[in-house]
Structure formats: structure tokens, C-alpha cells
Amino acid sequence: ISVPLLQIPATVKSPWLSSAFSSAPTTKLFIDGKFIESKATEWIDIHNPATNEVVGRVPKTTSSEMEAAVNSCKKAFWNWSEMSVLSRQQVFLRYQQLIKDNLKEIAKLVTLEQGKTLADAEGDVFRGLQVVEHACSVTSLMLGETLPSVTKDMDTYTYRLPLGVCAGIAPFNFPAMIPLWMFPMAMVCGNTFLMKPSERVPGALMFLARLFQDAGAPDGTLNIIHGQHEAVDFICDHPDIKAISFVGSNQAGEYIYERGSRNGKRVQANMGAKNHGVVMPDANKENTLNQLVGAAFGAAGQRCMALSTAVLVGEAQKWLPELVERAKNLRVNSGDQPGADLGPLITPQAKERVCNLVEKGVKEGATLLLDGRNIRVKGFENGNFVGPTILGKVKPSMTCYKEEIFGPVLVVLEADTLEEAIEIVNRNPYGNGTAIFTANGATARKYSHLVDVGQVGVNVPIPVPLPMFSFTGSRGSFRGDTNFYGKQGVQFYTQIKTIISQWKEEDATVTKPAVVMPT
Ligand code: NAD
């Protein structure tokens, strides 16, 4: 089997990936418009999850380099924020075209470092691209409000203004989409931005940064640092950073939310999930089973909106054997291989964790209906593969239900009625997404109204809103007040200034001091 993506594809021109003192290419920093080699003494290996070969290294950025990155953002802020909104819009109009032109090349880097299939990686870039396209409507999004004649000769109007330097901390599972949720929305509003990608998958963002520069983004408006906890703490503590966008696990998200907020910053944190698909017996069986299988196992379950939990209501419980059959037919392979439906997990540790959670489920009384733990993928024996796995007879008290598994594992619960299903979903602490499958509008309406989850699909398995809306995960899946992208994204990255102005006719001069509160 040929493995074309074991090396960086020759077609990808990678100014940020150059050999330094090891054969593995190093990931550059992007500071003040230059891709520079870090002077870090500690480096983190990037692995191809399908083979576990080292395909690159990221530096643990030094303090002085991180400081230089923030200074660069700060220095660039004045010109960028004072530039006409139409000029900023032009940068993003050029940027969206460049992303379209290079979509397949970016996707190859996603597959190389993250493991998802090429088709899915293209979807990853595409969903980010849509946010960039949306950012191009900044001229409407940033409009303020006006009210003339609030009193005699007095008008009131508001401006939406950028905050200053903002920062983003991204997870490994959407190397292109999630950074693109962050810096384009912030920057089109006039902020400058410091990005820290996941140390496991920096390649796509570095490519996107080069394209952004090619689109005409001035030096210093976007800076990129790498690393883990030290870089995160630096962002949370730096007085010049005004807002932090975080996407990732609850463990990191809660920490960043608290530390950043304590330091007076705005923080929005999208976190983990346990998304339930409620299947009613009147649903279209063919559609429902296919959608459930696709949404549970696609991307090897490493999506925050994966439908990782099925709740089969009443007679729908009889569909379980067919669900298992369909899951068995999915093809597990390296993401760059033709026909692959799902690729590997991100690390051997992630695989071990997923396998242990399955084992624990069995020990706690669940039925193992499909076991993908011992899968062998020909030609990729060292990859972190787990095949589709299904646990039946799962109860809310079991560990495999309580924890986010983040792997190709579907846990199946049973309920007698819609009300019982709603109760199960609402008792779960997460509130990212959910779906109901039914042919009955009243059932769908009742579910949508009573379920306490931020994003609801009606016969739609992964209800991720397009960017003219916002990503509205709730409860345990979100900390903050304003969500990512859409109107809420603009609100997060801007502050309002209200101007009250009075222009009197010359003969209406104020003749004595007004010492009482104006009414
Ligand atoms: P992660 O929390 O391990 O890492 C995210 C970022 O935080 C990385 O940049 C990492 O360097 C940093 N980080 C990790 N641990 C840290 C710590 N203890 N202190 C400070 N910083 C830390 O998340 P991940 O494994 O990369 O991503 C998977 C998680 O992200 C899942 O829980 C998934 O549900 C969640 N996710 C949520 C959404 C959403 O929109 N709700 C979207 C994608 C992923």
C-alpha cells in the first residue's frame, strides 16, 4: 500500500516547515509578519495518527517570543482598527478566495496530522471558510444604532468598536475550522489576534496564516505562538490581551475561563459534549439509521457534535440489530486511503482511554454489541485505530455514559416514552447538541421546546449552525455570555461606545450651570 501522506506533500510549499536540528520538520512561529524559527529548547513531536511516525515538531515558544508576538499585535492594532472597514473587508474577500483555491492542500495537512479522512478534512476547511465568507458582511454586522432627538437638539448613536488584542486557543479535532471561527471574526471587526493552535495539529493554521498574509493582512495583525500550558497561562495573564476564545475539553476550558476572567478578560469557552440522538418509532427508519451511524462514527467520533448517545424510544428499540449491521459496514483506514469512512484516533493514549471506557462499560453491565477495539488495519498496523463500537443496555449511572468518550463508540439507552427520553437528556450535564428523529411535527416541536440543549436537530444529526447564526452550545458545554461567530461573535469581539451629542442653534446658548440631573 502506498502511503502518500507520510511525508509533507511535495505540492505544499511550507515556509514554516523546515528542517533544523532533527530530520522532522519544525513548525515556525508567525511573528510580525515573518515565519521564524523558535529558539525554544523544548519541542513537541507531531505524529501522523495513522502510523505514529513523527511528521513534524512544534516549539514550546519562549517567553520572550510570546512577548514579541503580543507586542506585534499591540503595535499593529492602531492602524488596523483605524483602517476603513471597507479595506478590512477587501482583505477577507481576497482571503476567502485563497482558501477556496487551496482547500484541498489544507485538507491534506489536516489528514496528515489529525487523521480524519480527506473528504472529512475538506469539510473541516469548508466549514471554516464559511465563517470567513460571513466575516465579509462586516459592513452590516458592525452597524451601530441611532436615535435622533432624544431631547431638544440632542441625538444618540452607538459605535461597535474593537477591543484590542484578542487571543484564541484551539483543540486538535478541527485544525482548520476552529481557528477560522476565531481570528477572522475578531479581525474583521478591527482587533488584532494571537493564535495558539493545538500542539498536535498546527500545520493547517500555518498554511492559513500564509494565505492570510497573501490576502494582504498587514504584518503583526495575526501572530501565532505554539506550546501547551505555559502558552495558555501566558495568554490568560497578559494584561494587553482583552479577550480569549477557547475551544477544547472541559478540564482546560474551565481553567482558562476562570483564570482569564479573574484577570479581567472576556472569555468564551466551547467545551465537551455528550450528544443524544432520540429515535422515535415513527421515524423514517432508513434515514435515521444511516444518519445515526454517520454522526456517531464519522471522524472516528472525534467531533464535539458527534451523536455519541442514542436513546431508542419504544418500538425503535427493535432497530438495534440493523444499526449494528450498518456500523459494521464502515471502512476503517488511514484517512488518505480511498474509500476510508473513518480514520484513527489522535494518539495511542486516546485509543487506550477509549478502550478502557468500553471495558468499564462492559464491567458495569452494558452489552457489547460491536467491538472495534482489536481492529487491524492492513499497512497501518501502528496507527491508533478503533473500529465502530456499540454498547447496548447502557444506564445513565455508567461511566461510559457519564464521560465524553470522544471515539467511535455509540452508547445506546432505552426509553419508553418521549418524556422519559427528554428527562434523560436534560439530566445529562452537557448541552452542546442533540437530535430527534421523528415523522411527527408535534413530537419534534415538543422535543425542541422542552430539551435543555443549545443546538437541536430535527431529523438533522449534527445541527451545527451556519455562520449567519451562532454556535450555541449550552450548560456544561459552554462558559461565557456570547457565543462563537454570527451576531454573537461580533458582540464578543466588540464593545459599544455611545455618543450623545447636542448641537444647539446659536441663540439657544446655555446661560447658567445646570446642577441638577438632566431629565
Ligand atoms: P484540550 O482541552 O486537550 O486542548 C485544547 C487546547 O487547550 C489546546 O490548545 C491545548 O494545548 C490546551 N490545553 C490542553 N490541556 C490544557 C490544560 N490542562 N491547561 C491549559 N491548556 C490546556 O482539547 P482537545 O483534546 O484538543 O479537543 C477535544 C475536546 O474539545 C473535546 O472535549 C471536544 O468535545 C472539545 N471540542 C468542543 C467543541 C465545541 O465547540 N463545543 C468543538 C471542538 C472540540
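Order of appearance sets the numbers: ligands from 1, and atoms from 1 within every ligand.
- The protein heavy-atom contact nearest to atom 14 (C) of ligand 1 is A252 CB, 3.9 Å.
- Checking only distances, S249 does come within under 3.5 Å of ligand 1, N or O to N or O.
- Close approach to I178 involves these atoms of ligand 1, each under 4.0 Å from a residue heavy atom: 42 (C), 43 (C).
- Neither the backbone nor the side chain of F484 has a heavy atom within less than 4.0 Å of ligand 1.
- With respect to R479 and E254, a salt bridge is recorded, a charged nitrogen being found less than 4.0 Å from a carboxylate O.
- Judged purely by distance below 3.5 Å, without hydrogens or angles, the side chains of N52 and N384 pair a donor atom with an acceptor atom.
- Atom 6 (C) of ligand 1 has A170 O, 3.4 Å as its closest protein atom, hydrogens excluded (heavy atom only).
- Put simply, no part of D233 is less than 4.0 Å from ligand 1, judged by heavy atoms.
- Ring-plane geometry between F385 and F380 is classed as perpendicular, the angle between the planes exceeding 60 degrees on a 0 to 90 degree scale with a lower cut at 30.
- Per-residue contacts place I169 under 4.0 angstrom from the following atoms of ligand 1 (heavy atoms of the residue considered): 6 (C), 7 (O), 9 (O).
- For the pair E199 and ligand 1, the shortest N or O to N or O distance falls below 3.5 Å.
- Aromatic pair Y430/H276: ring centres not closer than 6.0 Å.
- Screening Y485, Y493, W181 against S245 for a side chain to side chain donor-acceptor pair (under 3.5 Å) leaves a single residue, Y493.
- Polar contact check, Q251 against ligand 1: no nitrogen or oxygen pair lies under 3.5 Å apart.
- Around atom 35 (C) of ligand 1, the closest heavy atom drawn from G431, G248, P171 belongs to G248.
- Among all protein heavy atoms, the one lying closest to atom 28 (C) of ligand 1 is F406 CE2, 3.6 Å.
- Aromatic rings from F212 and F92 are positioned such that their centres are separated by under 6.0 Å.
- Under the 4.0 angstrom criterion for non-hydrogen atoms, F246 is in contact with ligand 1.
- A heavy-atom separation below 4.0 Å is found between W181 and ligand 1.
- In terms of protein heavy-atom proximity, atom 12 (C) of ligand 1 is closest to V232 CG2, 4.2 Å.
- Using a 4.5 Å cut-off on side-chain heavy atoms (C-beta onward), F234 and V70 make contact.
- Among residues two or more places apart in sequence or in another chain, the ring pair (Phe, Tyr, Trp, His ring centres under 6.0 Å) test is passed with F492 by none.
- Applying the side chain to side chain donor-acceptor pair (under 3.5 Å) definition to pairs two or more places apart or across chains, those involving residues 292-305 are D120-R303.
- Side-chain contact annotation: Q488 with T482, donor-acceptor N/O pair under 3.5 Å absent.
- Between F471 and ligand 1, no N or O atom pair is found at a separation short of 3.5 Å.
- The shortest contact between atom 24 (P) of ligand 1 and any protein heavy atom is with F172 CD2, 3.5 Å.
- A donor-acceptor pair under 3.5 Å is absent between the side-chain atoms of N223 and the main chain of L194, judged by distance alone.
- For atom 41 (N) of ligand 1, the closest heavy atom belonging to the protein is M271 O, 2.8 Å.
- Looking from atom 34 (O) of ligand 1 to the surrounding protein, the closest heavy atom is E404 OE2, 2.6 Å.
- When only non-hydrogen protein atoms are considered, atom 42 (C) of ligand 1 lies nearest to C304 SG, 3.0 Å.
- Of the listed options N270, N250, N173, V58, N270 places a heavy atom closest to atom 40 (O) of ligand 1.
- Relative orientation of the F406 and F172 rings is perpendicular, given thresholds of 30° and 60° on the angle between their planes.
- In this structure the side chain of V267 never reaches within 4.5 angstrom of the side chain of R259, judged on heavy atoms.
- Distance check on atom 4 (O) of ligand 1: every protein heavy atom falls at or beyond the 4.0 Å cut-off.
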